[in-house]
Amino acid sequence: MEKIVKGFFITFEGSEGSGKSTQIQMVHQHLKKARKPVILLREPGGVRISEKIRRILLDVNNKEISKECETLLYMAARAQIVKELILPELKKGTIILCDRFLDSTVVYQGYGCGVDIDFINQVGAFVTQGLEPHLTLIFDIDAKKGLSRIARAKDRIELRDISYHNKVRKGYQELGRLYPDRVKLIESDQSREDIFTIVMNYINQVIKV
Ligand code: TMP
């Protein structure tokens with residue numbers, strides 16, 4: 001995989017209300033101003049079919065979705081965006097900033113719902129064709145505090161109870177311990193400017209801005 005990848009793949013992760021979407025937008029603007037070839041994507045979504053799957057996954061009316069179905073729908077959305085957009089862009093040399101990726105499934109469906117994590121990683125390797133991010137930034141925040149920051153109507157996953165969201169946070173912290181070279185945990189309880197400085201320090205170590 002590495003041989004055909006000329007660009008950089010950077011993923012932003014975190015529990016609800018962690019501020020990751022604000023930071024990814026700030027980084028996107030910053031790199032665009034520096035005239036870097038950069039695109040911002042989100043998961044689930046980013047391409048037409050994956051956006052359709054996103055609507056099924058987040059619809060509050062779809063209460064009966066099983067954890068097995070949920071896991072495979074996230075994976076299906078990922079398979080499509082990887083093949084249709086991420087791999088071709090990386091071959092061209094684009095810097096891809098992606099709001100969530102496979103780590104979200106490990107944490108939300110694995111640690112959160114109890115789906116077998118080895119299974120998630122096996123299916124993950126199939127749908128990503130072995131692609132791993134060069135850098136993953138995880139924005140860490142107390143689950144209750146994060147949820148209280150969401151001003152709009154909550155989606156199907158956000159509506160889950162606090163013990164679920166605590167497991168998600170613990171899962172992310174565990175990923176930081178398991179993969180210290182790729183995964184960097186950032187304390188979200190700081191000003192957005194301070195967080196942005198930390199974020200750009202990590203990104204500058206991976207790409208020359
Ligand atoms: P977002 O709110 O960051 O756009 O993400 C959509 C929701 O989907 C969020 O609650 C996290 C959840 N999610 C999973 O449960 N598993 C996944 O694999 C992904 C990508 C997202």
Side-chain angles (χ1 to χ4, degrees), residues 9-28 40-47 49-63 65-82 84-86 96-117 119-128 131-133 136-141 143-172 174-175 183 186 188:
F9 184 41
I10 302 172
T11 57
F12 288 59
E13 294 278 354
S15 18
E16 316 300 334
S18 64
K20 76 176 160 46
S21 302
T22 305
Q23 290 298 323
I24 201 170
Q25 279 163 21
M26 288 168 78
V27 173
H28 186 219
L40 192 167
L41 304 175
R42 72 169 176 186
E43 261 231 89
V47 290
I49 288 170
S50 309
E51 287 289 338
K52 283 191 163 184
I53 298 173
R54 178 186 178 92
R55 283 199 284 281
I56 299 172
L57 279 163
L58 300 186
D59 186 341
V60 290
N61 295 314
N62 290 340
K63 291 190 177 61
I65 293 187
S66 68
K67 63 184 181 185
E68 293 81 7
C69 175
E70 178 177 301
T71 301
L72 293 177
L73 283 176
Y74 277 113
M75 291 295 194
R78 183 162 303 128
Q80 189 62 33
I81 191 178
V82 166
E84 188 180 329
L85 195 56
I86 294 180
I96 298 182
L97 308 174
C98 196
D99 193 333
R100 301 195 181 280
F101 197 59
L102 181 58
D103 293 319
S104 279
T105 311
V106 170
V107 166
Y108 280 80
Q109 283 65 50
Y111 288 92
C113 299
V115 176
D116 183 73
I117 291 175
F119 173 76
I120 291 177
N121 283 325
Q122 276 169 28
V123 180
F126 172 68
V127 301
T128 63
L131 174 70
E132 281 185 11
T136 296
L137 301 172
I138 295 180
F139 298 86
D140 183 53
I141 188 156
K144 204 169 161 195
K145 192 164 186 175
L147 286 168
S148 73
R149 283 182 177 181
I150 302 173
R152 52 173 172 73
K154 291 191 172 62
D155 65 38
R156 194 178 60 84
I157 305 281
E158 288 162 349
L159 282 170
R160 288 179 177 160
D161 65 20
I162 189 69
S163 70
Y164 174 79
H165 292 287
N166 282 329
K167 284 189 229 165
V168 166
R169 183 188 190 196
K170 285 218 168 72
Y172 274 130
E174 183 66 15
L175 291 186
V183 174
I186 299 173
S188 266

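We count ligands from 1, going down the list as the structure has it; atoms in each ligand are counted the same way. Positions are given from 1, in the same order as the sequence printed here.
- Under the 3.5 Å distance criterion, with hydrogens and angles disregarded, no donor-acceptor pair is assigned to the side chains of Ser188 and Ser18.
- Of the protein's heavy atoms, Arg54 NH2, 2.8 Å lies nearest to atom 4 (O) of ligand 1.
- Looking only at heavy atoms of the protein, atom 8 (O) of ligand 1 is closest to Tyr74 OH, 2.9 Å.
- Counting only heavy atoms of the protein, atom 18 (O) of ligand 1 lies nearest to Thr105 OG1, 2.6 Å.
- When non-hydrogen atoms are compared, ligand 1 lies under 4.0 Å from the side chain of Ile157 (C-beta onward) but not from its backbone.
- Taking the six-membered ring for Trp and the full ring otherwise, the centers of Tyr172 and Tyr111 sit at least 6.0 Å from each other.
- In this structure, Lys20 counts as a contact residue of ligand 1, since one of its heavy atoms falls inside 4.0 Å of the ligand.
- Counting only N and O atoms by type, the side chains of Tyr108 and Arg100 include a donor and acceptor under 3.5 Å apart.
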Legend entry - Worked check of salt bridge (charged side-chain N to carboxylate O under 4.0 Å, His left out) between Lys144 and Glu16: CA-CA 9 Å; Lys144 204 169 161 195; Glu16 316 300 334; over 6 Å; no

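- The structure places CG of Asp155 at 10.0 Å from CG of Asp59, a figure rounded to the nearest 0.5 Å.
- Using a 4.0 Å cut-off to heavy atoms of Glu43, the atoms of ligand 1 that qualify are 20 (C).
- At a cut-off of 3.5 Å, with distance as the only test, no side-chain donor of Ser50 or Glu43 sits close to an acceptor on the other residue.
- For the salt bridge (Lys or Arg N to Asp or Glu O under 4.0 Å) with Asp99, the lone residue among Arg42, Arg54, Lys20 that qualifies is Lys20.
- Nearest protein neighbour of atom 9 (C) of ligand 1, counting heavy atoms only, is Glu16 OE2, 3.5 Å.
- Looking at Leu58 against ligand 1, only its side chain comes within 4.0 Å, counting heavy atoms.
- Of all protein heavy atoms, the one lying nearest to atom 5 (O) of ligand 1 is Arg100 NE, 3.1 Å.
- Considering only non-hydrogen atoms, atom 20 (C) of ligand 1 lies nearest to Arg78 out of Gln109, His165, Arg160, Arg78.
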